[in-house]
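Below you'll find the structure, written out as structure tokens, and then a few comments.
Treat the numbers as computed from the prediction; the structure is a model and nothing was measured. Hydrogens, waters and symmetry mates are skipped; everything else that's a heavy atom, side chains included, is used. Just so you know, ligand 1 is whichever comes first in the structure, and atom 1 is the first atom listed for that ligand.
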Amino acid sequence: MSDISKLSVKSTRAALKKKEFSARELTQTSIDAIKRKNTEINAFLEVFDDALEQADGADRRIANGENLPLLGIPIAIKDNILVEGKSTTAGSKILEGFIAPYDSTAVKKLKEAGAIILGRTNMDEFAMGSSTENSTYGVTRNPHDLSRVPGGSSGGSAAAVAANLALAALGSDTGGSIRQPAAFCGVVGFKPTYGRVSRSGLIAYASSLDQIGPFAKTVEDVEIIYDVLRGKDELDSTTISEDTYPIQKKFSRTIGIPRSFVESEGVSKEVRENFSQALNKFESLGYTVEDVDLPHLNYSLSAYYIIVTAEASSNLARFDGVKYGLHKDGRDVIEDYFKTRGEGFGKEVRRRIILGTYVLSSGYYDEYYESALKMKRLISKELNEVFGEIDLILTPTTPTTAFKLGEKTSDPLSMYLADIFTVPANIAGLPSISLPSGLDGILPLGIELTAGLGREDNLFIAGKEFLGE
Ligand code: GLN
């Protein structure tokens with residue numbers, strides 16, 4: 001086989017079963033493609049040295065007639081999800097040399113389902129960013145146009161799937177880090193309901209918002225991977241059980257459009273046009289489309305950047321140069337901390353720690369953090385209520401197509417605006433998916449569907465219908 005561009009996870013499983021090719025051949029094809037293209041794209045930070053050995057193991061199990069959902073499928077893993085015995089750095093210098101002592105639950109489940117853990121992918125340091133330019137290990141480039149960013153923070157995983165270096169990949173999504181790069185790279189990216197997938201072994205960014213989820217070329221594929229990943233986990237007390245969100249409304253193909261939000265300033269002409277085409281397509285598929293009034297959505301981004309920095313400043317306190325990775329010697333232990341953290345964290349991470357510490361400080365807690373939490377409750381309430389009437393909310397995934405490398409690095413606020421459409425789902429814990437919706441020239445566009453709590457099923461039905469799967 002020469003490349004994997006025509007294969008999906010589903011069709012590959014069928015082909016492996018029929019012995020059209022082996023897991024070793026498939027894995028070797030990915031490794032060869034990575035050798036050819038990765039110098040340019042920098043999607044992978046490492047291909048694991050036991051990938052072919054894992055493939056041989058899968059081939060033996062296939063020969064024995066075993067049938068598991070991901071048996072023999074190579075999957076790439078974002079560099080903040082632990083894989084036992086492998087280096088995991090979250091794109092940061094401070095974790096250089098850190099070897100994961102155990103598997104994250106997500107990786108453990110992939111392994112149990114027969115997947116080959118192919119390698120780890122580049123990301124914005126500690127998942128903070130929207131362009132994968134904040135990695136200590138160099139930028140990742142968009143495979144559709146190498147002068148542009150792949151989105152972020154899971155840019156390496158999105159680029160790996162888009163460039164046909166892997167059939168699928170895992171990412172993490174705190175405010176859009178799966179969906180936004182999926183849109184920029186023209187692939188499917190899915191964030192489950194908060195609590196559906198265990199965060200055990202995911203390096204925490206903002207624990208109340210983080211979720212692991214898959215990237216793939218089709219909705220069917222992300223569903224297959226999600227079915228492997230999901231479930232209550234005793235190692236993560238925030239995971240939910242199957243019956244946490246009982247089904248209250250039958251799927252009736254109704255889509256709500258938060259019109260003024262979609263027409264926010266900064267949404268490009270191409271994105272607006274593509275969005276109305278997507279809307280028409282849903283109508284021609286028999287969906288009822290109606291406007292919904294969600295006035296608080298406009299405050300999502302402000303609330304998000306307060307909550308996320310507050311939680312990050314607390315989560316990142318553990319990187320003190322004693323427990324993990326980098327250590328720099330000072331004159332005393334306090335100076336050790338200062339030096340290690342000063343040299344180990346990049347600029348954006350330091351900015352967010354300072355912001356987070358500020359919004360949590362005793363004089364400003366009420367004004368910022370407490371207000372952001374109140375806003376979070378209002379937004380969640382508003383969204384949960386609207387899902388009593390409609391099944392799905394449709395918006396573009398991003399306000400523009402992929403921007404140029406370096407275009408927004410000196411202006412963090414304009415970078416933060418790239419997340420305007422993705423953060424509400426994290427704030428309210430809702431499941432949300434980005435679907436490829438066409439091209440503007442050579443650049444991919446994406447639309448985003450969001451469903452009520454626990455209603456991943458609605459996203460998969462509508463996603464498949466939209467993509468004609
Ligand atoms: N771009 C957003 C941020 O920088 C989202 C990141 C994410 O989802 N991890 O916080």
Side-chain angles (χ1 to χ4, degrees), residues 78-81 90-92 121-135 139-140 149-158 169-185 189-192 194 197 199 202-215 300-316 345-356 359 372 376 397-400 402-403 407-409 411-434 446 448 450:
K78 186 177 181 180
D79 188 30
N80 60 352
I81 302 173
S92 182
T121 56
N122 200 16
M123 57 181 280
D124 284 303
E125 186 177 4
F126 286 103
M128 299 177 188
S130 313
S131 65
T132 317
E133 291 168 296
N134 297 337
S135 166
V139 301
T140 296
V149 303
S153 65
S154 319
S157 287
L170 291 193
S172 65
D173 191 312
T174 305
S177 279
I178 294 175
R179 290 159 289 150
Q180 186 256 14
F184 278 9
C185 291
F190 167 57
K191 178 198 96 73
Y194 182 78
V197 176
R199 290 178 294 109
L202 167 69
I203 297 175
Y205 168 15
S207 316
S208 76
L209 308 167
D210 298 340
Q211 263 301 276
I212 291 176
F215 289 94
S300 309
L301 203 62
S302 319
Y304 170 78
Y305 273 97
I306 291 172
I307 295 168
V308 94
T309 52
E311 291 190 30
S313 72
S314 159
N315 270 328
L316 269 54
F345 287 135
K347 195 169 165 194
E348 183 62 24
V349 174
R350 279 180 279 137
R351 174 172 14 246
R352 296 201 189 190
I353 292 172
I354 292 168
L355 269 171
V359 300
K376 180 182 185 196
T397 310
T398 55
T400 64
F403 42 89
E407 191 180 318
K408 295 187 195 284
T409 37
D411 182 1
L413 282 181
S414 79
M415 185 77 88
Y416 298 170
L417 281 171
D419 309 325
I420 177 166
F421 295 126
T422 49
V423 296
N426 300 77
I427 289 200
L430 304 170
S432 185
I433 195 166
S434 178
E448 178 183 74
T450 302

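Among all protein heavy atoms, the one lying closest to atom 2 (C) of ligand 1 is Asp419 OD2, 3.1 Å. The nearest heavy-atom contact from the protein to atom 5 (C) of ligand 1 is Tyr304 OH, 3.2 Å.
Counting only distance, with no hydrogens or angles, the side chain of Asp173 and the backbone of Phe190 share no donor-acceptor pair below 3.5 Å. At least one donor-acceptor pair under 3.5 Å links the side chain of Lys191 to the backbone N or O of Leu430. Proximity of a side-chain donor or acceptor of Asn315 to a complementary backbone N or O of Tyr205 within less than 3.5 Å is detected. No donor-acceptor pair closer than 3.5 Å links the side chain of Asn134 to the backbone N or O of Glu125.
Below 3.5 Å of separation, one finds an N or O of Ala127 facing an N or O of ligand 1. Where the criterion is an N or O separation shorter than 3.5 Å, residue side chain and backbone included, Met128 fails it with respect to ligand 1. Checked by distance only, ligand 1 and Ser177 come closer than 3.5 Å through their nitrogen or oxygen atoms. At least one N or O atom of Ser130 sits closer than 3.5 Å to an N or O atom of ligand 1. Residue Val308 has no N or O atom closer than 3.5 Å to an N or O atom of ligand 1.
Every atom of ligand 1 with a heavy atom of Gly129 under 4.0 Å away is listed here by number and element: 1 (N), 2 (C), 3 (C), 4 (O), 6 (C). The Ser153 neighbourhood of ligand 1 comprises atoms 9 (N), with distances under 4.0 Å to a heavy atom of that residue. Residue Arg352 has at least one heavy-atom neighbour below 4.0 Å for each of these atoms of ligand 1: 3 (C), 4 (O), 10 (O).
Counting heavy atoms under 4.0 Å from ligand 1, residue Tyr305 touches it through the side chain alone.
Side-chain polar atoms of Thr132 and Thr140 form no donor-acceptor pair below 3.5 angstrom.
Counting heavy atoms from C-beta outward, Glu348 and Asp124 have side chains that stay 4.5 Å or more apart.
Taking the six-membered ring where the residue is Trp, Tyr305 and Tyr416 present parallel rings, their angle staying beneath 30° rather than reaching 60°.
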